[in-house]
2 protein chains.
Amino acid sequence: MTAAEKHQAGRNPAAVPQPPGGRCPQPRGGGRLNGRAGIRDVAAAAGVSITTVSDALNGKGRLPDATRSHVREVAERLGYRPSAAARTLRTGKSGLIGLTVTTYGEEPFTFTEYAYFAEMVRAATSTALARGYALVILPAPARRGPGGTVVALGPDVWSNVALDGTVVVDPSDQDPVVGELVRSGLPVVSDGRPSPSLPVAAWVDNDHEAAVRGILDHLAENGARRIGLLTGTSTDTYTRVSTTAYLEWCRRVGQEPVYERYPAHDPCAGAVAADRLLARPDRPDAVYGLFDPNGTDLLAAARRYGLRVPEDLLLVCCSESTSYATTAPPITTLSLKPGRIGTAVVQLLIDVIEGVGPTRPVQQVMPTELIVRTSSRRAGRPVTVSPPRVPATE
Amino acid sequence: MTAAEKHQAGRNPAAVPQPPGGRCPQPRGGGRLNGRAGIRDVAAAAGVSITTVSDALNGKGRLPDATRSHVREVAERLGYRPSAAARTLRTGKSGLIGLTVTTYGEEPFTFTEYAYFAEMVRAATSTALARGYALVILPAPARRGPGGTVVALGPDVWSNVALDGTVVVDPSDQDPVVGELVRSGLPVVSDGRPSPSLPVAAWVDNDHEAAVRGILDHLAENGARRIGLLTGTSTDTYTRVSTTAYLEWCRRVGQEPVYERYPAHDPCAGAVAADRLLARPDRPDAVYGLFDPNGTDLLAAARRYGLRVPEDLLLVCCSESTSYATTAPPITTLSLKPGRIGTAVVQLLIDVIEGVGPTRPVQQVMPTELIVRTSSRRAGRPVTVSPPRVPATE
DNA sequence: CTGAAAGCGCTAACAA
DNA sequence: TTGTTAGCGCTTTCAG
């Protein structure tokens, strides 16, 4: 067969005679441009080929400026919008980035419930958009139901959306789907150190150990003798690392650990745990709470037991909420700077997608910020602010 | 030409002899499955046709259960993931819903900065996922720069993502892109009454007039004689409608309006405006603040002027933040119930996309909730809670 | 510098 | 019931 014959064989059916019966072949398929102009219409209207249209609109080929602007004008006039689906199919790039949160405990989808996530998502979205990507919010990939079976929440949206990569917040080491995503070659970057068995392309995290040490030192400097911890029961990295750092610190300074754990997703349980902590016979004279609402809970509990803050009890909690500036008294908070995390994680992901930067896994540690307020300042004590640590990028 | 000949002409090139030179035709195109299994691989491995694979996986045709499960098993074994892009191109449905916020004033992208948006987005995402759609967060479509030119923020993400429809929060009547979206046939549903010139398919909104009237009545019942308003300078519907309702109420009860406007996106301006309002010679004895941080700002200003809340000054502000339950004193807030709004707006949009429900424009008015706390309860006055209004659906 | 055509992976219409 | 094939709209290679 000659090359000409090959072309013959593949020729557009429109060029061959009609099938017997003379009727026109019906257009099939549901995606037919619904009255809107396609690239062919533009090409016809502009008197050029579709290649030229594509090149002109994407700034690709080396066309005369006149042609380019003419095509652009015609496209504009016809209200031509290129089909994102077709482009994605052809190029293999969708311009879409997934964002998913392995939520605390069994809570279904609490996403922006806490100020942390709100700010993190805001920054991530903004950064993605600035680099020409859009963020798709996706459900936690999978969860273990009773009996260890994987429970999907509703239809499998994951496989229905073409992603160039995805951000996983707080990846659980048990999640089989995250592992599968990575293995299938999709770039995955995580917020929070993943377990070593999850070979994500990069991760970003705060230095939680240093943050906890900084807080405990700060409390000790302000006169605390016995520092308690309010922590969670879940196995995410944040909870685990922070709790370990606390225990380690206690061991180092020779203090007996005093802590209460509760399921972090349940606000009522938090209030109860705060109460329990202050009801103990070995009541702490300072408490650090790992989760956002701990501050108010501890304040309420202190009030119930007639403890004055900061005179009888020093208080710090980890929170992004500005409302702690206006409680009575204002409460010292640790900010994880979620905005920076969101930005960093998306930058890293897009770098991986676009193949710029190192191909080795990247770990990026972001500084935290201790915002010292009345609740942790014992009268007559000097104010100490941990200086922001320099981000260490490997 | 016979039907057989037609098929001949269109036959798969793989079935025809190689071109001269004997080399295989090079695969072109960038989207080539990167080592991963395609539907053809599954078909080959399972010993069936690709149609059967497609039908088996999508639960479409009427195949024997044996075939179906066999195909599923093979697909699973090969790690087959269907290409969302190809499916979208073919079916014309992407399963993607856009969500965009026309941000306040000139602020670039403040999205989840306020608890309202956080909760609204959370609910919208959750609802979308439950119905098999994912949410894509997109930038405000366009803004007027100096001189009236349309300013795009970064690359045009809008035209690069295949949407089945979109939610527009607080659509500005000047935005040309929203109008274009509607005109191009994309289903658009808005949170907030759109201007009549924007023919969206449906909208959801609170009854802001009724909410403002309810608050003013509540304050009056608690002894307020001169009620002030802290409002914004922007032209979005919420600000406009609320302010008008306030002025109308004043006219009706014969009170001279006392209000300050400020650019709502600027928190400092809010604090200054709160101060200004309480510094006036005709100082109000009650204030309603339209925006989230007004409560704390007004509280701080009241403290500066030595005004006791609620004895000297009654306070209400519109906010979704739970932190107002723990301020000193706790502040009465109006909740717009953003979760319900987010859910409703997505349900409506998906109904339109899927062609269920009425085709006429739908207006859905959602109730608000006044959470009465100490700041608006004058001692000795009875507590009054506006009963939640029944949602009126046309 | 421009145009023809192949084909991305899938689904739906039709043929067998 | 299963298989064959056209083609969704676009980008890209390659020939002219």
Side-chain angles (χ1 to χ4, degrees), chain A residues 3-4 6-16 19 25-34 36-43 46-58 60-64 66-68 71 80-93 160 162, chain B residues 3-4 6-15 19 25-34 36-43 46-58 60-64 66-68 71 80-94 160 162:
Chain A
K6 175 165 174 279
H7 283 147
Q8 192 69 26
R11 197 191 295 289
N12 188 331
V16 306
Q26 296 282 28
R28 295 118 163 238
R32 205 54 175 275
L33 245 46
N34 208 17
R36 279 197 5 252
I39 196 172
R40 268 182 278 265
D41 302 303
V42 177
V48 294
S49 79
I50 58 171
T51 310
T52 307
V53 174
S54 177
D55 285 350
L57 263 35
N58 298 338
K60 279 284 174 68
R62 292 167 307 281
L63 316 175
T67 312
R68 205 172 284 266
V71 168
Y80 168 71
R81 317 294 309 175
S83 151
R87 173 177 303 176
T88 299
L89 179 58
R90 188 61 239 249
T91 60
K93 318 253 81 181
N160 273 328
Chain B
K6 174 165 173 282
H7 285 148
Q8 192 68 26
R11 198 191 294 288
N12 188 334
Q26 295 282 25
R28 297 118 164 239
R32 205 54 176 273
L33 244 43
N34 209 20
R36 279 201 0 255
I39 195 171
R40 267 181 278 264
D41 302 302
V42 177
V48 296
S49 80
I50 59 171
T51 310
T52 306
V53 174
S54 176
D55 285 350
L57 264 36
N58 298 336
K60 278 285 174 67
R62 291 168 306 282
L63 316 175
T67 313
R68 206 172 285 266
V71 169
Y80 167 70
R81 315 295 309 176
S83 151
R87 196 208 297 281
T88 299
L89 179 58
R90 187 62 242 252
T91 62
K93 317 255 77 178
S94 66
N160 273 329

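So you know, we letter chains A, B, ... as the sequences are listed, proteins then strands, and number each from 1.
In this entry the distance linking CD1 of Ile39(B) with P of dC10(C) reads 5 Å, nearest Å. In this structure, the CG atom of Leu57(B) is 16 Å from the P atom of dG9(C), given to the nearest Å. Note: CZ (Arg90(B)) to P (dC8(C)) measures 16 Å, nearest angstrom. Nucleotide dA6(D) holds its P atom 17 Å from the CG atom of Leu89(B), rounded to whole Å. Residue Arg81(B) contributes atom CZ, which lies 12 Å from atom P of dC10(C) at whole-angstrom precision. Between the OH atom of Tyr80(B) and the C1' atom of dT11(C) there is a distance of 10 Å, given to the nearest Å. The distance between atom CG of Asn160(B) and atom C1' of dG9(D), rounded to the nearest whole Å, is 14 Å. A straight line from NZ of Lys93(A) to C1' of dC8(C) spans 15 Å, rounded to a whole angstrom.
Fit an axis to the five pairs at each end of the helix from dC1(C)-dG16(D) to dA16(C)-dT1(D) and the two axes sit 40° apart, to the nearest 10 degrees.
Shown here are the salt bridge (charged side-chain N to carboxylate O under 4.0 Å, His left out) partners of Arg68(A), two or more places apart in sequence or in another chain: there are none.
Nearest heavy-atom pair, Ala43(B) versus Ser49(B), reported as atom, atom and distance to 0.1 Å: CB-C, 3.7 Å. When all heavy atoms are compared, the tightest approach of Ser83(B) to Ala86(B) is OG-N, 3.0 Å. For the pair Thr67(B) and Val48(B), the tightest heavy-atom approach, listed with the atom from each and the gap, is CG2-CG1, 4.4 Å.
Panel note: side chain Ser94(B), backbone Ala162(B); a donor-acceptor pair is recorded below 3.5 Å.
With distances taken from any side-chain atom of Arg87(A) to the nucleotides dC8(C), dC8(D), dT11(D), the minimum falls on dT11(D). Among dC10(C), dT2(D), dT11(C), the nucleotide with an atom closest to any side-chain atom of Ala86(B) is dC10(C).
Atom CG of residue Leu57(A) and atom OG1 of residue Thr52(A) lie 11.0 Å apart, to the nearest 0.5 angstrom. Distance check: Asp41(B) CG to Tyr80(B) OH gives 9.5 Å after rounding to the nearest 0.5 Å. With rounding to the nearest 0.5 Å, the separation of CG in Leu89(A) from CZ in Arg87(B) is 13.0 Å.
Of all the residues in residues 47-56 of chain B, Ile50(B), Thr51(B), Ser54(B) reach under 4.0 Å from DNA chain C with at least one non-hydrogen atom.
Looking only at atom types and distance, the side chain of Ser54(A) has no donor-acceptor partner in the side chain of Thr51(A) under 3.5 Å away.
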